[in-house]
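See structure below.
Chain naming here is simple, since letters A, B, ... match the order of the sequence lines and numbering starts at 1 in each.
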Amino acid sequence: MAEFSGQDIDCIRGERRVLSGTGFSLQSGHALILRGANGAGKSTLLRLMAGLMRPHGGRISWDGTDIADDPAEHNRRIVYVGHADAVKPALSVIENASFWAELAAGSGMTASEALDVLGISHLAELPARYLSAGQRRRVSLCRALTSGAQLWLLDEPSTALDADTTEALRKTIEGHLASGGMTAISTHADMGLAAAATLTLGPASGVAA
Amino acid sequence: MAEFSGQDIDCIRGERRVLSGTGFSLQSGHALILRGANGAGKSTLLRLMAGLMRPHGGRISWDGTDIADDPAEHNRRIVYVGHADAVKPALSVIENASFWAELAAGSGMTASEALDVLGISHLAELPARYLSAGQRRRVSLCRALTSGAQLWLLDEPSTALDADTTEALRKTIEGHLASGGMTAISTHADMGLAAAATLTLGPASGVAA
Amino acid sequence: MSAVSVLFRRELRLALRQSADSVMVIAFFVIAVVLFPFGVGPEPNMLARIGPGVIWVCALLAAMLSMERMFLGDYEDGSLELLVLSPVALELVVCIKVAVHWLTTGVPLICAAPLLFVMMNVPEEIWPVLLWSLLLGTPVLSLIGSVGAALILGARRGGVLLSLLVLPLVIPVLIFAAGAGDAVLFGDGAKANLMLLGGILLGSLALTPWATAQAIREAVA
Amino acid sequence: MSAVSVLFRRELRLALRQSADSVMVIAFFVIAVVLFPFGVGPEPNMLARIGPGVIWVCALLAAMLSMERMFLGDYEDGSLELLVLSPVALELVVCIKVAVHWLTTGVPLICAAPLLFVMMNVPEEIWPVLLWSLLLGTPVLSLIGSVGAALILGARRGGVLLSLLVLPLVIPVLIFAAGAGDAVLFGDGAKANLMLLGGILLGSLALTPWATAQAIREAVA
Amino acid sequence: MLHYFANPTRFQRLSRRVEPWLLAGMIVCFAAGLYLALFSSPVDYQQGHTVRIMYIHVPAAWMALFCYTAMAVSAAVALIWKHALADVAAKATAPIGAAFTFLALVTGSLWGKPMWGTWWVWDARLTSVLVLFFLYLGYMALRDAFDEPGRGARASAILVLVGFVNVPIIKFSVDWWNTLHQPSSVLRMQGPTIHPDMLTPLFLMAAAFQLYYFWLLLVRIRRELMANRVRALRHRQAAAE
Ligand code: HEM
Ligand SMILES: Nc1ncnc2c1ncn2[C@@H]1O[C@H](COP(=O)(O)OP(=O)(O)OP(=O)(O)O)[C@@H](O)[C@H]1O
Ligand SMILES: Nc1ncnc2c1ncn2[C@@H]1O[C@H](COP(=O)(O)OP(=O)(O)OP(=O)(O)O)[C@@H](O)[C@H]1O
Ligand SMILES: [Mg+2]
Ligand SMILES: [Mg+2]
């Protein structure tokens with residue numbers, strides 16, 4: 001029963017204060033939905049959670065120990081899917097997907113299973129250069145499915161996805177939570193997850209428990 | 001009372017047939033919503049409408065004359081906002097917006113008015129490098145508002161936008177239609193426009209009138 | 001205000017904002033030339049002998065390095081297809097971009113050249129001729145380079161492919177330009193060389209914009 | 001299968017499939033060298049004299065051209081931050097990328113060199129020494145280049161900036177490497193030069209991966 | 001006329017009929033040319049037997065120039081009249097031309113060793129041929145640097161046309177910069193200046209090379225057309241699915 005939490009986090013980007021005094025806490029089996037207007041700081045918070053940036057104030061901790069203490073350990077716990085889909089145009093869809101799967105060497109599903117779940121297995125051999133926006137997005141989402149990581153950090157995962165795929169994604173996330181995983185998702189369109197706490201960011205960021 | 005229409009359009013991309021026998025027709029004051037699963041061909045059709053690609057079969061015509069006959073003329077009629085937001089990180093928000101406005105030299109609103117409408121006037125002087133996903137998206141949407149073009153071609157315009165901005169965008173489009181403009185919009189989330197015909201693309205593309 | 005001037009100012013602003021390109025082109029130029037004394041040894045008269053050639057070759061390579069980006073940025077962020085759709089004629093857009101590229105790379109090269117003449121102790125009497133050759137030659141580099149830069153858009157291999165395409169095409173420029181110096185030293189004046197360079201310049205001015213524009217249309221289709 | 005080999009095969013596949021392909025690097029190398037006779041004129045003995053230096057400088061520039069893309073692609077499409085987050089140590093990732101870069105650029109350069117020795121009619125007796133100098137020197141170029149390639153992430157117009165950062169650092173390599181040839185010709189053997197090159201190689205092997213990894217961490221933060 | 005042959009099926013029929021004749025003519029010319037060249041042609045008083053290299057070198061060099069010209073012409077046709085066949089012809093010509101150029105370079109430098117005492121000199125013609133070789137390489141590299149075949153075709157067509165300026169430079173380089181290399185002594189306004197006993201085998205070999213080129217061209221074009229047809233079939237299937 002792991003716990004991932006942050007207390008009064010401050011973050012400054014480009015000489016401007018993005019987050020101040022934000023806090024959150026997340027238990028396994030639960031989801032944290034980040035809402036807020038554009039520029040509220042959702043992506044920033046997710047990057048902080050991933051350990052890509054250090055907060056200028058406050059601390060982010062896993063089971064009470066600051067994630068900065070052992071980054072390698074934290075990296076094994078998380079998977080991060082950001083605005084930028086790390087999809088190589090020159091590689092085929094399956095090559096893209098299986099690379100990250102093998103690199104993480106986690107207990108998640110295999111690359112081809114993930115392609116199946118996201119409904120692009122028929123494109124497996126296609127160079128990613130030929131993908132449409134939503135197809136690219138699905139390829140980058142494969143990373144979460146294959147990683148086997150405990151904490152999924154998803155930045156607007158349903159962007160560019162059609163209704164069916166969004167639904168499939170929701171189911172997958174539910175499954176991940178049911179198996180004791182946890183996730184933090186930034187989104188503008190409510191995905192209707194059960195067991196989800198919502199943290200609304202904005203000029204005055206509140207605290208969600 | 002202009003009319004923009006296409007008859008049994010075929011299109012092949014990367015060795016694969018994307019559109020076959022698709023048709024549409026659009027009168028001023030009306031909107032055409034393109035729906036369809038990922039990879040159905042929405043973006044492709046919009047690029048064809050913009051004249052960026054030529055259909056391999058069929059024709060796309062404005063008031064009966066093929067748009068390929070006078071590309072320059074067609075360029076003056078349309079504005080295209082695609083998946084790729086042509087936002088230069090090195091330029092400030094207002095510089096980005098006003099460049100396209102001045103280049104089009106159209107009868108649309110001024111760049112700063114457009115920033116106001118989309119609620120990013122407070123970021124005008126910020127280098128676009130520092131923008132969040134949604135903020136970038138808004139900057140690229142400014143192009144449509146400032147162009148003064150008669151036909152707006154918008155590819156998933158509400159991507160990454162928060163609720164308020166999506167609403168503001170809807171209002172703006174309504175206004176554009178009311179003033180005799182027309183628009184073709186690809187989207188997965190219904191924007192709830194009045195006077196909108198829907199063309200659903202897919203393995204078997206239908207015809208909308 | 002006219003679309004041309006709008007476009008021109010934007011290009012210029014981008015070129016200058018993006019971390020002072022021109023400064024870097026000069027710096028590369030200078031460093032590359034300076035490498036030679038290290039590479040081939042410092043005898044003054046030998047340096048004087050190879051000076052003009054080395055300087056020209058390095059100018060060419062420096063221009064080459066900055067060439068790949070001429071359209072790449074606009075291509076990747078979607079600006080290029082919008083420029084194709086803009087009311088301005090694409091050939092004109094190309095000319096403007098080339099002009100800016102020359103202003104931000106060619107001109108700095110020319111300004112830096114005299115310094116290098118001193119370093120490679122090039123005989124004074126051929127300085128003016130070499131400067132003229134640079135003045136006539138560097139625009140040709142930008143022009144021919146623009147064709148290559150447009151052709152490689154969307155290609156699997158960028159910069160090096162570009163060099164493979166462009167270098168063979170610019171060799172005549174190199175011959176006449178670097179030859180101008182010797183022509184002066186060996187009596188027969190460099191008029192012929194400079195005339196030829198001028199001819200090449202006019203020729204490429206007349207032809208390349210169309211080729212480049214066509215290549216761009218293909219790229220965004 | 002081990003993460004290292006996964007990474008290695010991916011890098012190799014990418015290198016061969018998209019970025020500066022080895023064939024291209026050779027082509028650029030050869031063409032760049034070929035430019036010099038055009039520039040400085042064709043006298044054989046003069047070419048022989050400057051040959052080693054020219055060849056080394058061009059090898060350096062060729063490596064440079066392909067260097068820019070070492071991390072840029074991964075940075076722009078977000079792969080780099082994911083590699084930082086991956087369980088594999090970033091220093092290891094860097095080493096793999098450098099190794100692949102050397103395999104796809106350095107090795108081809110070495111293979112192409114003899115051809116150029118012929119063209120610049122470099123005296124046969126110094127061929128082996130020059131090849132050794134390339135064998136020891138080119139990995140250093142890839143290693144030092146990786147630091148530069150990581151430092152320029154984010155800065156636009158990387159190519160030229162990169163050269164700026166790297167060229168000064170590799171000047172020693174150039175001096176010893178190109179000097180090796182003369183050392184042989186002028187009696188005193190090239191052992192010293194090659195030893196020094198080897199030393200530089202070991203030194204940069206020990207230091208650069210950490211510097212590069214750190215630069216990358218800064219870039220993605 | 002062009003449009004008449006444009007039709008692939010008609011072209012296939014025609015080329016199938018022509019190819020054997022080309023092949024036969026080539027063999028005859030090669031046989032005769034080689035015999036005359038190697039045995040019955042006079043030995044050069046200063047060059048000795050090395051002069052016989054000429055019978056390979058010169059035709060190869062001519063073909064190198066000819067192929068690029070042919071490529072440029074078909075590229076232009078392909079660009080302007082959107083001629084599928086012309087494009088295929090350009091694609092098929094490139095490797096052949098590159099091969100001839102390489103042959104000219106190799107035989108040339110083989111000849112250079114005895115004549116000039118070195119494999120390679122920086123002589124205008126030699127280097128311009130080298131540049132030509134690079135142009136061929138560039139064309140082929142650009143051609144297959146794209147995933148969409150069409151893109152590569154059009155891009156490389158533009159490149160060929162731009163690069164065509166080089167051909168006259170090669171042809172006349174020797175007259176412009178006086179160099180080690182022979183000035184044109186066969187293909188000139190004032191008529192040839194070398195001995196007829198050398199001229200006949202030279203022309204026979206040249207003819208043989210030409211025929212060889214055309215034969216290979218037709219074969220390659222036919223293969224390419226086959227490939228295109230297969231691709232077209234795949235499209236229809238993709239549409240059907
Ligand atoms: C790599 C070295 C060489 C190259 C690239 C080369 C290239 C060429 C080319 C392009 C031509 C065709 C010229 C035309 O059509 O007008 C040619 C013709 C010829 N070359 Fe070479 N050449 C080389 C070496 C030599 C050598 C060493 C010799 C003998 C001294 C030689 C003798 C000739 C002769 C006799 C012709 C026929 C000229 C004529 O009658 O048009 N070449 N060569
Ligand atoms: N790289 C950066 N450098 C400096 N400031 C940045 C950077 N990225 C974002 N910002 C600023 O930080 C604030 C928060 O950005 P962030 O991307 O977290 O917003 P967001 O909630 O993800 O918005 P969106 O819904 O549009 O994705 C924004 O106001 C933005 O201006
Ligand atoms: N540049 C390209 N080259 C080749 N094929 C492409 C290219 N872009 C898209 N395709 C193919 O064309 C089909 C339609 O792509 P398109 O982008 O039009 O889909 P879409 O309807 O916009 O999907 P999305 O909702 O994901 O944006 C896809 O199956 C895709 O594989
Ligand atoms: Mg965000
Ligand atoms: Mg799309």
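- Rounding to the nearest 0.5 Å gives a distance of 9.5 Å between CG of D:Leu82 and OG of A:Ser140.
- Note that the CG atom of A:Leu52 and the CZ atom of D:Arg217 stand 11.5 Å from one another [nearest 0.5 Å].
- With a 4.5 Å cut-off on non-hydrogen atoms, A:Ala104 touches chain D through its backbone but not through its side chain.
- For D:Glu81 and A:Arg47, the salt-bridge test passes: some basic side-chain N is under 4.0 Å from an acidic carboxylate O.
- The existence of a salt bridge linking A:Glu102 and D:Arg9 is confirmed by a sub-4.0 Å separation between a basic side-chain nitrogen and an acidic carboxylate oxygen.
- In this structure, chain A has no heavy atom under 4.5 Å from any part of D:Leu80.
- The shortest non-hydrogen separation linking A:Lys88 to D:Ser79 is CE-OG, 3.9 Å.
- The two residues D:Gly78 and A:Ala84 have their closest heavy-atom pair at CA-CB, 4.1 Å.
- When heavy atoms are compared at a cutoff of 4.5 Å, A:Arg54 does not approach chain D at all.
- Taking 4.5 Å as the limit, every side-chain heavy atom of A:Val87 sits out of range of all side-chain heavy atoms of D:Asp77.
- Note: D:Arg13 CZ to A:Ser92 OG = 7.5 Å, rounded to the nearest 0.5 Å.
- Summarising the geometry, atom CH2 belonging to A:Trp100 is positioned 7.0 Å from atom OG belonging to D:Ser86; distances are rounded to the nearest 0.5 Å.
- Residues D:Leu7 and A:Leu103 share a closest heavy-atom pair of CG-CD1, 4.1 Å.
- Between the CG atom in D:Leu85 and the CG atom in A:Leu153 there is a gap of 9.0 Å [rounded to 0.5 Å].
- Within 6.0 Å of atom CH2 in D:Trp132, 12 or fewer heavy atoms from other residues, nucleotides or ligands are found, so the atom counts as exposed in its surroundings.
- Contact of A:Val79 with chain D is not made at all, since no heavy-atom distance falls under 4.5 Å.
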